[in-house]
Amino acid sequence: MEAKELSVVLEGVDASPKCTAFGREGEYVASVKDVSLQVYFFKRKQLNRFSLRATNKKGGNNVFTCVACHPQEDCIATGHADGKIRLWRNFNHKKEYTFSTLHWHHDKVLDLAFSVEGTSLLSGGVESVLVQWHSGSDCKKDFLPRLGSAIEYVSISSDGTFYCTSHTDNRITIINSNLRFSKTIQGLIKARDIKTGLVVDPRTKALVLNGEPGHLQFYCLQSDKQLYSLDIVQQEYIHQAGLNQSDLARVAFSAQGKWLATVEEREETDLELQLKLWFFDEETQSFRLNTRISMPHEDHVTAMCFRDMDEMEDDSLMLVTTGRDCVFKVWVILEDTDPEAQQSLSWSCDFVGSYHGYQATNCCFSEDGSLLAVSFEETVTVWDSSTWDLKCTFCHPPGKIRTICFGRLTCSKYLIGATDHGFLCCWNLLSCALEWSAHLNVVVLQPDPLSEYIAAFSWLFKESSLFVFKPNEPRPICIQRKFCKERIQFAAFVPRDVPETIGSEKYLWLRRSQLFFLTDTQELMTVSTKSLEERLTLSSKQLAVEESLPVTPFSLLLGKHRQQQSQEDVDLGKIVRHHHEQDSPAVKELLHTPAHVLPSASFLCPIFINSLLVSKENKSVEEAPAEVEMESEGAEDDSDEENSVTEMKQEDIMPIESLGETTHKLSKSEEKELRKIRKTDYSWISVF
Amino acid sequence: MASYKPVAIPAVPKLGEKITQDTLYWRGYKTPVQIKEFGAINKIDFSPVPPYNYAVTASSRVHIYGRYSQEPIKTFSRFKDAAYCATYRDDGKLLVAGSEEGSIRLFDISGRAPLRQFDGHTKAVHVVGFLSDKYRIFSGGDDYSSSVWDIPSATETVSYSEHNDYVRCGCASKLNGDVFITGSYDHTVKVFDARTKSSVMTIEHGHPVESVLLFPSGGLLVSAGGRYVKVWDVLKGGQLLVSLKNHHKTVTCLCLNSSGQRLLSGSLDRHVKIYSTTSYKVVHSFNYATSILSLALSPEDETIIVGMTNGVLNVKHRKPEESKEKSQKKRQPAYRTYVKGRNYMPKQEDFYVSKPGRCVLRKYDKLLKSFQSSKALDAVLEPHIRLYTPEVTVAVMQELNRRGTLRSALAGRDEKQISLLLTFVTRRVIEPRFTPVLITVADMITDIYQPVVGQSALVDKQFLRLQEAIGREIDYQEELLEVLGMMDALFATLTEKRATYLEENKSNGLTKTLDQDISI
């Protein structure tokens with residue numbers, strides 16, 4: 001290969017990296033877009049363009065999706081939207097080119113890769129099957145089926161011993177070259193559609209939500225790992241676009257995590273519903289199916305909850321489901337007293353309640369389990385859970401009830417409801433009257449199971465805000481305005497193992513449990529009082545093992561830089577050293593945290609660059625104190641566990657502020673942010 | 001990495017009577033043998049020794065039957081009037097029977113004439129039995145008295161007249177040679193000890209007592225009278241343990257099975273109920289042609305004999321146990337290969353990794369795994385699956401529908417196959433568990449084969465049959481809805497009345513009656 005600089009500009013190139021590939025020994029570059037393939041030969045400076053008709057006679061779709069070049073021969077493989085793979089040869093001639101077709105995929109070919117020797121071609125697509133085509137004999141191919149979800153990228157290690165596929169559900173699979181499954185790397189699995197909401201498994205404190213299709217994933221927040229995936233639907237999932245297949249819709253755990261209730265639904269011409277109740281088997285340490293109820297409701301199940309009573313035993317356990325068929329049903333355990341029966345416990349329907357033929361939308365038990373609140377469109381009904389008498393009804397017209405919950409502990413006499421006309425109402429159950437209401441478009445209402453605090457997420461002017469309040473007073477304890485441009489879908493309080501010591505009174509509500517929430521783009525976020533650096537130090541401590549990993553060129557480069565820095569630091573004295581210590585975790589974290597758990601680069605960039613700039617900047621000693629102050633303010637910045645990021649400014653408008661107000665003037669935090677940006681920009685420029 | 005998941009066949013709970021171990025056990029009797037006696041059969045007693053002959057007391061005779069004989073092998077007929085309660089002694093050599101004229105006769109099984117005759121009762125003796133010391137007899141008569149007789153001397157040793165009505169049943173303790181129990185029409189059961197001058201315990205049953213039974217342990221006493229069977233704890237001084245009311249006419253006889261785990265009761269309502277003695281729940285029940293007077297179960301539950309009021313003796317023999325060794329055993333591998341690796345004893349620190357079981361896929365699953373829809377459908381339309389496990393056929397149809405390939409699987413079939421499919425659909429579409437799936441199937445078949453209707457008489461006929469079946473089902477459902485409507489109307493009027501009644505009560509302030517009304 002010649003060591004001279006080449007620069008060629010190809011026009012009409014697809015943005016995706018899959019659509020461009022370099023040929024044998026870098027002699028040519030191939031790029032595909034829509035229905036045309038262009039090949040540029042560097043030596044001859046010749047551009048060959050080949051076009052296909054958009055659709056062929058049989059109705060195939062000839063649009064290119066990806067391209068790969070043979071490492072040793074002049075051969076280009078292209079993938080097409082109808083599942084065909086074309087192998088192009090002789091393409092240095094404009095006219096006499098040939099291609100052969102391989103067809104197995106029934107849908108888009110998403111990625112192609114040649115093996116190191118070029119003896120086989122790997123392809124992957126929506127079917128989630130890795131296909132290995134052997135060259136030579138035309139139709140000989142091997143499969144590795146059921147990889148979980150659509151294969152987005154395929155790559156081969158440089159020595160050819162491992163294949164690696166990346167999947168649409170945020171997962172990487174490593175496969176031996178003999179097509180034996182080796183290992184999977186996964187954190188939070190991205191489900192196509194999260195219907196279950198965020199549920200906390202009381203046993204493992206793991207976050208439970210939709211995972212693989214038909215599965216329930218148990219995601220450990222501390223270690224960012226999937227604990228296990230529970231197969232609920234137990235049917236073969238067909239990876240094919242346009243198929244309606246059963247998926248999980250609702251999940252509920254009993255208080256101790258002994259019982260799990262799941263609802264799965266499949267909608268086609270008519271609805272198929274199944275309610276399943278799972279019992280936790282201590283021996284096998286997993287859930288075992290106990291009862292299966294087909295069609296528990298005539299229409300979709302809208303909500304489901306267990307009577308949540310810690311101290312009482314099984315006989316008080318009951319499950320309530322509400323359905324769009326205008327009823328709510330109460331399910332209880334039936335005990336078969338016959339000692340010779342195989343299974344002594346099973347669930348059956350105990351009571352069916354309805355209210356004026358309105359759709360039941362939500363249900364919720366009070367803390368002591370004596371009252372059940374069920375919302376029917378515009379009305380909240382409260383039922384006595386022992387006799388199933390209707391006790392009272394609450395209504396805040398106009399507007400249907402979106403979500404309801406009972407207050408806890410000292411606030412157990414209150415019932416909170418949010419309507420879709422933008423009202424948050426608090427009713428007193430003793431006086432059966434409205435205690436207070438606030439004008440707030442609440443989308444998610446989440447009570448903390450361990451305290452009386454309730455978190456409400458609002459959605460206003462395309463921005464989400466968080467309000468935390470106690471039901472006994474209409475003033476919120478904590479407000480996070482406009483921290484996110486995405487709508488919050490679900491939230492969950494995860495109990496902490498040890499109550500945290502929190503200095504600030506404003507964040508006392510985070511003492512016993514931590515709030516996690518999910519946006520509609522499936523980004524998982526949390527509210528934290530610790531500074532970013534602190535948390536990064538923690539994570540780098542956790543990842544100390546990885547320090548033994550071989551050094552990458554990037555870290556070598558940085559290492560050199562840091563050595564220089566430290567030398568400078570020594571020259572400068574103590575103040576700077578102190579400052580430098582604050583920076584180092586950021587850099588360290590960048591280098592040692594696995595890439596898949598890092599926040600996005602756009603977020604890390606300013607921190608990283610700042611950390612590099614410090615040494616130069618600190619030469620002017622006067623500016624240093626201001627910078628330190630800046631850091632301590634920025635320390636309250638918050639980000640998320642996963643690769644999503646939020647810049648949640650916690651410096652807030654006055655803590656005592658009624659929920660209804662919306663201010664449009666420039667807030668203090670915004671001012672500070674602006675100031676910071678200005679400062680950062682300035683220093684950034686000063687480098688050049 | 002998941003493996004292929006086979007098609008889930010939905011299990012539907014069987015409605016109606018549950019099949020338990022008990023039902024299987026008690027169903028294992030052959031069709032009964034009926035033997036006609038001269039009059040109502042008041043007692044059946046099995047000889048406690050092999051070959052387990054049994055004595056049947058009916059009218060003025062006592063017949064002894066062999067286990068499988070339909071004719072009596074011996075008859076005692078020296079009674080002027082009705083004989084009662086012929087009972088074997090523990091060794092099976094002596095038999096005692098009461099009679100209408102008040103005398104008690106003791107027979108030797110091998111002889112014909114009575115060995116002893118005990119006179120003393122002034123009226124009919126309905127109950128008589130041996131005490132467990134073998135040398136004494138107890139009896140109870142219609143003269144309200146009960147006595148103990150010494151066999152060698154043929155004299156009455158003690159007599160009690162504590163009952164104030166007919167004494168009609170009794171039994172002796174198996175553990176204590178002095179203790180016996182009598183039940184009387186004066187609603188009481190009395191426990192006597194031959195060593196004392198009066199009864200040691202009186203239990204109030206509440207109804208004329210027809211039968212009493214003591215558990216082999218002697219701790220529990222069962223009495224039957226009226227519609228009730230009551231179990232008493234003798235050791236706790238006659239405390240009521242449980243009261244069973246499962247018959248709707250007078251219970252006449254009681255008996256325990258050989259293991260003592262089940263209690264049987266026969267009644268005038270023509271039923272024999274079997275209770276578990278742990279839960280006291282009815283685990284099985286037999287139905288007979290006429291009212292039952294007496295009941296006996298042979299050792300090992302080999303035979304159930306029931307005597308009826310019309311003099312018919314109903315004998316049921318147990319089916320012989322099916323030998324499981326019938327199927328020829330597979331040739332075992334040679335000892336050395338068989339034992340290989342199996343005689344390894346894991347050490348304490350060894351970690352045991354269990355071998356995953358190999359999953360064998362059914363034919364249709366294999367075909368579904370390789371996406372061969374039509375062939376999978378063919379596989380489940382094989383006669384043995386289609387006829388005996390239609391749920392498999394329907395489950396595969398549903399799976400095909402889920403995959404969106406049902407239409408193509410149904411299409412392109414010849415006359416014979418369509419006719420077969422239509423027969424299946426016609427037969428099963430009215431079963432509620434199959435209806436949703438099979439309606440889709442029927443829709444698709446009619447859609448696909450609409451253009452060729454009229455080309456085959458066979459298929460046309462099947463289509464008409466399908467139409468007929470669906471029409472019938474619709475009529476039936478309409479009728480059911482009508483009935484439901486009527487019932488709703490009835491219930492509505494009922495609740496209205498009750499509501500008004502409740503309100504009246506409230507206004508009167510009679511809270512007590514209100515509570516009662518609710519509990520009713």
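Source: prediction; values computed, not measured. Side chains included, hydrogens not; waters and symmetry mates left out as well; all remaining heavy atoms used. A note on names: the letters A, B, ... follow the listed sequences, proteins ahead of strands, and every chain is numbered from 1.
Heavy atoms closer than 4.5 Å to chain A are found in both the backbone and the side chain of B/Pro10. At a 4.5 Å heavy-atom cutoff, the contact between A/Asn244 and chain B is made by backbone atoms alone. Interface remark: A/Gln235 contributes backbone and side-chain atoms alike to the contact with chain B (heavy atom separation under 4.5 Å). If you measure heavy-atom distances from A/His106 to chain B, you find no contacts under 4.5 Å at all.
In terms of the side chain to side chain contact (heavy atoms under 4.5 Å, CB included) criterion, residue partners of B/Gln398 (sequence neighbours excluded) are, by chain and number, A/Glu272, B/Val437. Taking A/Ser166 as the reference, nothing meets the side-chain hydrogen bond (donor to acceptor under 3.5 Å, both in side chains) condition, with sequence neighbours excluded.
A 6.0 Å sphere centred on OH of B/Tyr4 holds more than 12 heavy atoms belonging to other residues, nucleotides or ligands.
A side-chain donor-acceptor contact under 3.5 Å links A/Asp325 and A/His297.
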